Amino acid sequence: MKQFVTTILIFTLLAGCAQRMMSPTEKTQEQMAKETTEAIPEKGVEEKEEGITPFDQEMVKEEEMELAKTVPPSETYGKKEIIFEIEDILKDIHFDFDKYDIREEDKPLLKKVADWMVQNTGTQILIEGHCDERGTNEYNLALADKRAKATEDYLVSLGVTSSRIELISYGEEKPLCNEPVESCWSENRRSHFISFEGGVD
Amino acid sequence: MRQVLIPILALFILIPSSLAAKIYIDITSPALRQLPIAIQDFKGHPSGKEISEIVRADLEYTGLFSFIDEEAYLESPEEPFHPENWKPLGIEIVVKGTVVMGELLFATISLYDAIEVKGILKKRYSAKKDLLRTLSHEISKTIYEKVTGQKGIFTTKIAFVSKDRDRKAIYIMDWDGHRIRRILGIRKDALIMTPHWSSDGGKLVYSSERNRKWGVYMINFSNMREYLAYSSEGTNLTGDFTPDGNYLTLSSSKQGSPDIYLLHIKTKVLSRLTYSSGIEISPSVSPEGNEIVFFFDRAGTPQLYMMNIDGNNPRRITYDGSYNTSPDWSPSGNRIVFCGRIGKKMQLFTIRSDGTDLVQLTYDGNNEAPSFSPDGRFIAFTSDREGTKGIFIMRTNGEGQQRVSPKNLRVFGPAWSPR
């Protein structure tokens, strides 16, 4: 019985509250507007001081940021820096689509490079790996990395010491041409050689 | 027991629904219907119209709301809310607002429930005048959160890389393409690759080639400084942060062919996760931080694989198509978006993290580099369907595809901010 009474009491109380909310049609517009404001459930009128997020306050510098350590290019390559490309000998070699194997027709070219390096013991070379634009940028960086490595491995197998070779992958980021056609794509799928004297840092 | 239960049940039924927060749209429900809403022009200062337009566009883009022509409205913005003006039009939620311009921009909005006939929210905002769009997005966020219980993407940003007069730069823009600004420009020939956000939005990490070396760099927004996070021989490409922010996933070819590593950011300790002679790149971490989805070409063609965060239990998850790459794990957990080749073009797909339920989302042009929004309901990506590669956004069901980056900017690598 006690529990029944409690139940009734609760119902009554709540019914009373609910009723105030649920039959506004009898009231005037004015009353309703006022009541609406009062009936705001959580905290009443909320005052928000700023519509700005910390991110906006602090960020957004429009000027260029320089590198924490900016090294001018000339210092990177040691004391005696002469960069040149011996066009006759250090020609680009090329690759099939999606492959990093050295092609048969390029082997004589690489032999020339190896012979030249063996004869000119002071020189160092940089091998750049490149891809055509097809495929994602990241995959092409990885593929071009493999192309540069495969080229190095082949030269090492012909007697060049690996300490004289440096590698860099450029993926599809530094193409020679931009037309979306096979003649351009095949030109971009390459290893490119740059020769240095005086050491590469 | 039953006698106690009855009064308790009664309490739940009769308590004003505001205390047991009513969810107007349950976005987890598979049978989603759009909520009919009206956002009236905000009265007062003329900028009120612009603000209410931004709010309308924000909510409309979510695909969760339906709007009718304002010509059909029976009540003007100046008149107070009366449910009988809205019920016949089928409109359930009404938003009214007032804007005042002083030293700052002030906006006050009120939300009304036309069905239960009551006010559900009143809130005031203030901001510097040049942050009108930010203020508008905050209003959208408030409404969306009230109606769905979720925060939405209205105040989020997209970071990306662009080529700007011959040099690469990192830019940030609002998710809707506005307020685009450059935050990092570097020396002319250097390269920058896709940035990744830390889960608190306080840092951006990206790979950059400088002086013929690939390193992983980080911008800390608290002091706007750039740090070198990792450098070594070979090609180093950063992947996601782990959700706890302590580690970076990355791929490096320092040991031969590109493998995936975990880098502890503070101690610089590197743990190797993969060992094959194939190419393993593009790691993306699950929202719980316990698994990594990545690209691997062991099968002869590039496919997506998954492994535990410690490198154990690697298994393949994509089988369709001959070239699947660039995965991004949805922050809501169970789907992965990626880029796959069909015919001669790259298209975007989503797949469940167990490898089932493959869905194609794009068909036009080449579409790549997908990045999920923090609520997992939208995807940013690049597309060349209009000529120059631009950044586009869409809902995760493929609807609403539209460009957000400016037409004259060559862009790639969008990354949606976590907040």
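Residue numbers begin at 1 in each chain, while the letters A, B, ... track the order of the sequences. Keep in mind the model is a prediction, meaning the values are calculated, not measured.
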**Report entry** Closest-packed option against chain A by number of heavy-atom pairs under 4.5 Å, given Glu368(B), Met193(B), Glu233(B), Lys344(B)
**Finding:** Met193(B)

Query raised in the report: Just by distance, do the side chain of Ser251(B) and the backbone of Ile260(B) share a donor-acceptor pair under 3.5 Å?
Result: no

Query raised in the report: Relative to chain A, which segment of Arg341(B) carries a heavy atom at a distance below 4.5 Å: side chain, backbone, both, or neither?
Result: side chain

Report summary line: In terms of heavy-atom pairs under 4.5 Å with chain A, the winner among Ser257(B), Ser110(B), Gly256(B), Pro302(B) is Gly256(B)

Query - Between Ala190(B), Ala369(B), Ser253(B), the one whose heavy-atom pairs under 4.5 Å with chain A are most numerous - result: Ser253(B)

Query raised in the report: To the nearest 0.5 Å, what is the distance between CG (Leu141(A)) and OH (Tyr170(A))?
Result: 11.0 Å

Query raised in the report: Taking only residues two or more places apart in sequence or in another chain, which ones pass side chain to side chain donor-acceptor pair (under 3.5 Å) with Lys87(B)?
Result: none

Requested in this report: Name the region of Thr238(B), side chain, backbone, both or neither, that has any atom closer than 4.5 Å to a heavy atom of chain A.
Outcome: backbone

Requested in this report: For residues 133-159 of chain A, pull every pair meeting ring-ring contact (aromatic ring centres under 6.0 Å, His included), keeping only residues two or more places apart or in separate chains.
Outcome: Tyr139(A)-Phe295(B), Tyr139(A)-Tyr323(B)

**Report entry** Atom pair NZ (Lys149(A)) and CD1 (Ile127(A)), whose distance is rounded to the nearest 0.5 Å
**Finding:** 11.0 Å

